[in-house]
There are 2 protein chains.
Amino acid sequence: MVDNVKRSTGYRSYGQFCALARALDVVGERWNLLIVRELLPGPLRYTELKSSLAGVATNLLAERLRTLEANGIVERRLQDSGVAYALTAWGAQLREPMEALGRWGAPLLATGRGDDAFRPRWLTLALPALLHGVTATPAVELGIETDGLLMVLRVDSDGPSVSVPAGGRPQSVLTAAPDVVVGLAAGGLTIDEALTRAKLEGDGRVLRAVFPAAARDRPI
Amino acid sequence: MVDNVKRSTGYRSYGQFCALARALDVVGERWNLLIVRELLPGPLRYTELKSSLAGVATNLLAERLRTLEANGIVERRLQDSGVAYALTAWGAQLREPMEALGRWGAPLLATGRGDDAFRPRWLTLALPALLHGVTATPAVELGIETDGLLMVLRVDSDGPSVSVPAGGRPQSVLTAAPDVVVGLAAGGLTIDEALTRAKLEGDGRVLRAVFPAAARDRPI
DNA sequence: CCGCATCCTCATGGATACTG
DNA sequence: CAGTATCCATGAGGATGCGG
């Protein structure tokens, strides 16, 4: 009984006829879902990936990328500038379970940032996930500037979405540290608690339109 | 740079200020989500857990249960008959991300069962997940008998749900091997393909009411 | 039996160095 | 830049023991 716990590609399988177990066979190993998270906003080079995922060993990253590719989750694109890693269509569909898992884990952010690493890129995944279910008509747009990156959070009748604008600054921009932005989105901070630690430029009413009811207990 | 990659309970943290990464810090280690899957239908004893999760080492299971308890996902209940492990309210909320992950991984079941382990209990999680979004008015009920367990799949205007009846047999019962049932639910089998490998008792029209459109290309 | 703790072995992960 | 090679630390898996 030493065989058949392995599969052809060499990873350790649970050996269970269960969709969840099979999914975990493929993306459950350490770093895998974080690699996918990095690639969700768009393709990245190997070194970009490595520098975003502080702490991953270079051999591990290489091996993970290989098996993710073998399993049809990631594809290696040969660009003029070199190699880029991108998600396949199926790999990109991990967004839904990952957002659900992030929503479940959001309370764990309440302990604050500590000395954890942070990339504003992660917020482009986190904000729509945390604001899941929020809609607004007419649509509202709020700029959010954190750690040097300006992104635009848009909420319309379909829900929230985030983009990183090429040029042009939205009318309202909230400038704050990551934990303040996350605290707002996760409902751990009220809007005026957040405002004591943030800079708001433009119309503040958009904040009330997008952030959770839990944060709206006092008017802005 | 050897510290702060660990946390108080001893598990390895990604050290990232990101809800997904923090969730994975807590449930991302091997076996954790499968333990939660076992507990979703209801509390279990240590030995039941161990026999359901073939391949888990006893020391690992004990340690995982300890950290899951320390993290507020599992609680230890002292019953008259002994110790039972149950999910906390927060732990039970993992159902949503787990169902989403199972839905994503469902195509991986297409390779068939092979010699993988199987427990009919797993279907009580998988069927509602795979039939997510399906509704029926008026409500329909279909008995499904696999591997010796009879469960009742009910679909109403709220969606699908599964229960294990104490007594009383539903009017329509489909008796089939696990891979046939899963194939139907995941859309990998058409209804009449499935029927060549299954026994149907009662009204077959309920099958068309509950199983995915992909399986309905030919009338039953 | 149940609910683990201990011991041992080997596969996997992590850090660093090195190379086409 | 994009990895491979190497070495060491750690974690997983299996067998066994042991008090209740």
Side-chain angles (χ1 to χ4, degrees), chain A residues 1-7 9-16 21 24-25 27-35 38-39 43-70 74-86 117, chain B residues 1-7 9-16 24-25 28-35 38-39 43-70 74-86 117:
Chain A
M1 187 55 158
V2 67
D3 275 322
N4 108 331
V5 70
K6 294 278 199 168
R7 305 280 271 245
T9 36
Y11 55 83
R12 186 179 301 269
S13 162
Y14 287 110
Q16 298 182 350
L24 291 173
D25 282 344
V27 295
E29 276 173 313
R30 199 166 164 75
W31 294 109
N32 272 342
L33 283 183
L34 296 188
I35 292 172
E38 292 303 317
L39 296 181
L44 286 181
R45 312 285 298 271
Y46 182 88
T47 21
E48 297 173 311
L49 219 35
K50 183 163 154 44
S51 71
S52 260
L53 297 172
V56 69
T58 171
N59 54 350
L60 260 197
L61 180 57
E63 196 239 349
R64 293 294 192 260
L65 286 170
R66 238 178 286 129
T67 79
L68 285 173
E69 188 187 9
V74 157
E75 62 185 10
R76 189 178 305 245
R77 289 184 190 162
L78 286 159
Q79 292 178 334
D80 44 355
S81 53
V83 188
Y85 290 91
Chain B
M1 195 24 180
V2 67
D3 275 324
N4 107 330
V5 70
K6 294 274 196 172
R7 305 269 281 237
T9 39
Y11 56 83
R12 187 178 300 268
S13 163
Y14 287 109
Q16 297 183 351
L24 290 174
D25 282 345
E29 275 173 314
R30 197 165 167 75
W31 294 109
N32 272 341
L33 283 185
L34 297 188
I35 292 171
E38 293 302 318
L39 296 181
L44 285 182
R45 311 285 298 273
Y46 182 86
T47 22
E48 297 172 312
L49 220 35
K50 183 164 155 43
S51 71
S52 261
L53 298 172
V56 69
T58 170
N59 55 350
L60 261 197
L61 180 56
E63 196 240 349
R64 292 296 191 260
L65 285 170
R66 236 179 287 128
T67 79
L68 285 173
E69 188 187 9
V74 157
E75 62 185 10
R76 189 177 306 244
R77 289 184 190 162
L78 286 159
Q79 292 179 332
D80 43 356
S81 54
V83 188
Y85 290 93

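First the proteins, then the strands, lettered A, B, ... as listed; each starts at 1. Just the heavy atoms: all of them, side chains too, but no hydrogens, waters or symmetry mates, feed the values below.
- Note on A:Arg66: a side-chain N or O is less than 4.0 Å away from OP1 or OP2 of D:dT4.
- A:Tyr46 contributes no side-chain N or O that, together with a main-chain N or O of A:Tyr85, makes up a donor-acceptor pair within less than 3.5 Å.
- Atoms OH (A:Tyr46) and P (C:dG20) sit 17 Å apart, rounded to a whole Å.
- The base of D:dG3 sits with one of its N or O atoms less than 3.5 Å from a complementary donor or acceptor on the side chain of A:Thr58.
- At whole-Å resolution of the value, CZ in A:Arg12 and C1' in D:dT10 are 13 Å apart.
- Per the geometry, CG belonging to B:Asn32 stands 9 Å off P belonging to D:dA12, to the nearest Å.
- Heavy-atom minimum distance, B:Glu69 versus B:Glu75: CG-CA, 4.5 Å.
- The nearest whole Å value for the distance from the CD atom in A:Glu29 to the P atom in C:dG14 is 11 Å.
- A pairwise comparison of heavy atoms in A:Gly28 and A:Asn32 identifies N-ND2, 4.5 Å as the closest pair.
- B:Tyr85 has a side-chain polar atom (N or O) that falls below the 4.0 Å cut-off from OP1 or OP2 of C:dC4.
- At the phosphate of C:dG14, OP1 or OP2 sits under 4.0 Å from a side-chain N or O atom of A:Arg30.
- D:dG13 atom P lies 11 Å from atom CG of B:Leu34, rounded to whole Å.
- Remark: C1' of D:dA2 and CZ of A:Arg76 are 10 Å apart, rounded to the nearest angstrom.
- Nucleotide D:dC8 holds its P atom 18 Å from the CG atom of A:Leu60, rounded to whole Å.
- Checked by distance alone, A:Asn59 brings no side-chain donor or acceptor within 3.5 Å of a matching partner on the base of C:dG13.
- At least one side-chain nitrogen or oxygen of A:Arg64 sits closer than 4.0 Å to the OP1 or OP2 atom of C:dG13.
- Considering only side-chain N and O atoms, B:Arg45 lies nowhere under 4.0 angstrom from the phosphate OP1 or OP2 of C:dC1.
- Residue whose closest nucleotide on DNA chain C sits further toward the 5' end, between B:Thr47 and A:Trp31: B:Thr47.
- Heavy-atom minimum distance, B:Ser81 versus B:Arg45: O-NH2, 3.0 Å.
- Distance B:Leu61 CG to C:dA5 C1': 13 Å, rounded to the nearest Å.
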Review point. Taking it one step at a time, do B:Leu34 and B:Val56 satisfy side-chain contact (heavy atoms from CB on, under 4.5 Å)?
Key: CA-CA 10 Å; B:Leu34 297 188; B:Val56 69; over 6 Å; no

